[in-house]
Amino acid sequence: MKGEVAVMTAPGALAFQTYDVPAPGPGAVILKVLRANVCGSEIHIWQGKHPVKKRGGIGHEMVGVVAQLGEGVSHDSAGQPLSIGDRVVATYFQTCLSCAQCLAGQYNLCDNAYAFFGLQPEQAPHFHTAFATHVYIHPRQHLYKVPANIPDSVAASANCALSQVYFGLDRIGVGEGDTVVIQGAGGLGLMGVALARERGARVIVIDGIEQRLDQARAFGAHEIVDMRAYPSAADRQARVQELTDGRGADVGVEVTGVPAAFNEGVTGLVRRGGRYLVMGNLSPGATIDLDPGLLTRRSVQILPVDRYDGRYLYKALRFLEKTLEQYPYAKLLDAEFPLCCVQDALEKSASREVTRASIVMQM
C-alpha cells in the first residue's frame, strides 16, 4: 500500500512524497489519518520562525483510525481494548521515561520527545507527521480510543489544543472564583474559555478579529475586549482593570504567539500577586523590553508551559465527552481542505482568514 506525506521543502514551499506504508514493529500502530488541523505551531514552522525545523513533514493535531496493530498491541494507553477500525487520537511526541526530565517527573519536557516527530520523511518509517494519509505511532506515544459520541471534527482538536490548555490551567491553578483573562481567541484560547468556565472562573477574552470574538462569545466568555476598540496595550489594560474593579485578573493566559502580549499581560492585565501562564510564544529570539523592577513589585508569578503530559490527552477526551453539548466545538474548525491543498490551508491560517483550518483526507 502506498501513502502520501505533505513535506515543507523550505519555509513557505510544499511538495508531496509517496512511500510504501510500513508494517508496524512490536508495540507500534499504523493509523490512517481522518483529519488533521492547522495549529499555531504549523504556522510558525511554515513562516520559518521555528528555531530548528526548516524542512520536513508537518502537522500534529489529528484523529485517525487503526489500520494495523504491531505485535503485543491489544489495548490503548488507558487499557481499553483496541482493534483495527477503532478511531483514536495520539500524542505527536513520545515520553521516553528514561531521560533526566522524565525521571524527574516532568514528562512534558522529555528530552527525547521529538525523536520520531522530528525525522525527515525520507527516513523510515516515513510517516512521522499528520498532514499525510498515514501516521506511524511508536510504542512510547500515548494512544487513546475516541468515545463514540465525539465526531472527528471535535476529536481532532483534543491533541494538542485542548490537552495543552488543560495541562496549563491545571499547572497555574485556575479554580472557582478566579477571573481569567485570555489573550487570543484562536483554538487554544477558545478551549481555554470552556475549561475555565467549567472550573467556575469568570473569563475575559482579548482579540481583534470579529470571527474569533464571535466564537469567544459562543463559548461563553463573560467579557470581550475588542482590540479594534482598545487599540493600545494601555487601553486594554485599563479596560481589564475596569472589568475587575481596578484589581486586574487573577490569572492571565497568553496564547497569541505575539511577544508584546507577554509584556502587556504581566504589567497590567494581571493583578498584583496574580499568575500568568505563557503558552503561545514559542519562537526564540523574539524579544521585548521589560522592566524587572516593575515585575518584582507586582509579584506576578510567571509559568511557561511547553507541550503537556501525554496522559492529559485522555483527560481531554473525557472532558469533550462530558461537555459536547455545552460548547460549539465543531464550529472551531471553520474551513476544510483536502490533503492536496495543505498550502492553501496554511496560508489562509497564517493570514487569519480562517480561525482553524482542518485537512480532511477524504473529501
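Everything numeric in this text was worked out from a predicted model, so none of it was measured. Throughout, numbering of the chain's residues begins at 1 and tracks the sequence.
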So which atom in [X] and which in [Y] form the shortest heavy-atom distance, rounded to 0.1 Å?
X	Y	value
Q101	L109	CG-O, 3.2 Å
A261	Y276	O-OH, 3.2 Å
F127	A132	CD2-CB, 4.4 Å
C102	Y107	O-CE2, 3.4 Å
P147	E321	CB-OE2, 3.6 Å
P24	L69	CG-C, 3.7 Å

If you count every heavy atom of other residues, nucleotides or ligands that lies below 6.0 Å from [X] atom [atom1], does the total exceed 12?
X	atom1	value
D245	CG	no
R272	CZ	no
K54	NZ	yes

Looking at [Y], is its backbone amide N or carbonyl O close enough to the side chain of [X] to form a donor-acceptor pair, meaning the two atoms are under 3.5 Å apart?
X	Y	result
R298	V270	yes
R275	G173	yes
Q94	A115	no
D207	A185	yes
H126	P121	yes
E254	G257	yes
R356	C39	no
Q141	T91	yes
K315	S163	no
Q241	G268	yes

Roughly how far, to the nearest 0.5 Å, is [atom2] of [Y] from [atom1] of [X]?
X	Y	atom1	atom2	value
L333	S157	CG	OG	4.5 Å
M227	L213	CE	CG	10.0 Å
L195	F167	CG	CZ	13.5 Å
H44	I58	NE2	CD1	14.0 Å
T133	Y19	OG1	OH	12.0 Å
Q326	R197	CD	CZ	9.0 Å

Does the side chain of [X] reach to within under 4.5 Å of the side chain of [Y], using non-hydrogen atoms?
X	Y	value
V225	L243	yes
V63	V89	yes
E347	W46	yes
H222	T179	no
E264	T256	no
Q68	V21	yes
I359	V33	no
D291	T267	no

Requested in this report: Could you check whether the rings of Y329 and F219 sit parallel, tilted or perpendicular, using 30° and 60° as the cut-offs?
Outcome: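 The rings of Y329 and F219 stand perpendicular, inter-plane angle above 60°.
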
Query raised in the report: Between H138 and H128, what is the ring plane arrangement, given parallel below 30°, perpendicular above 60°, and tilted in between?
Result: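 Aromatic pair H138/H128 classed parallel.
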
Query raised in the report: Between C160 and Y92, is a side-chain contact (heavy atoms from CB on, under 4.5 Å) present by the stated rule, with each step listed?
Result: CA-CA 8 Å; C160 72; Y92 59 97; 4.0 Å; yes

Query raised in the report: Is there a side-chain contact (heavy atoms from CB on, under 4.5 Å) between T244 and I204 once you walk through the steps?
Result: CA-CA 10 Å; T244 56; I204 302 169; 4.1 Å; yes

Requested in this report: Evaluate the side-chain contact (heavy atoms from CB on, under 4.5 Å) criterion for residues I302 and L295: first the C-alpha distance (whole Å), next the side-chain angles of each, then the deciding distance (0.1 Å), finally the verdict.
Outcome: CA-CA 10 Å; I302 300 170; L295 190 61; 3.9 Å; yes

State yes or no: do [X] and [Y] share one hydrophobic cluster built from I, L, V, M, F, W and Y residues joined by side-chain heavy-atom distances below 4.5 Å, directly or via other members?
X	Y	value
V154	L162	yes
F93	M62	no
Y230	V240	yes
I84	V146	no
M8	F337	yes

Contacts table for residues 304-313: side-chain donor-acceptor under 3.5 angstrom, sequence neighbours left out:
unit_1: R307; atom_1: NE; unit_2: N108; atom_2: O; d: 3.0
unit_1: R307; atom_1: NH1; unit_2: Y114; atom_2: OH; d: 3.4
unit_1: R307; atom_1: NH2; unit_2: N108; atom_2: O; d: 2.9
unit_1: R307; atom_1: NH2; unit_2: C110; atom_2: O; d: 3.2
unit_1: Y308; atom_1: OH; unit_2: N159; atom_2: OD1; d: 2.5
unit_1: D309; atom_1: OD1; unit_2: R311; atom_2: N; d: 3.0
unit_1: D309; atom_1: OD1; unit_2: R311; atom_2: NE; d: 3.1
unit_1: D309; atom_1: OD2; unit_2: R311; atom_2: NE; d: 3.3
unit_1: D309; atom_1: OD2; unit_2: R311; atom_2: NH2; d: 2.6
unit_1: Y312; atom_1: OH; unit_2: D170; atom_2: OD2; d: 2.6

Query - Distance-only polar pair, side chains of Q80 and Y314, donor-acceptor under 3.5 Å - result: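 Absent: no donor and acceptor within the cut-off.
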
Query raised in the report: Got a sec, which pairs hit salt bridge (charged side-chain N to carboxylate O under 4.0 Å, His left out) with one end in residues 135-154, sequence neighbours left out?
Result: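 Output for this query lists D86-K145, R87-D152.
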
Is any NZ, NE, NH1 or NH2 atom of the basic residue among [X] and [Y] found under 4.0 Å from an Asp or Glu carboxylate oxygen of the other?
X	Y	value
R217	E210	yes
R271	D250	yes
D178	R202	no
E122	R55	yes

Query raised in the report: Going through the checks in order, is the side-chain contact (heavy atoms from CB on, under 4.5 Å) test met by L82 and V88?
Result: CA-CA 9 Å; L82 193 63; V88 294; 3.7 Å; yes

Report task. Check E336, E61, R35 against S358 for a side chain to side chain donor-acceptor pair (under 3.5 Å) and give me the one that passes. Result ->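 For S358, the side chain to side chain donor-acceptor pair (under 3.5 Å) check succeeds only for R35.
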
Query raised in the report: Is the NZ or CZ atom of K53 both under 6.0 Å from the centre of the six-membered ring of F117 and within 45° of that ring's axis?
Result: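 The answer is yes; both the distance and angle limits are met.
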
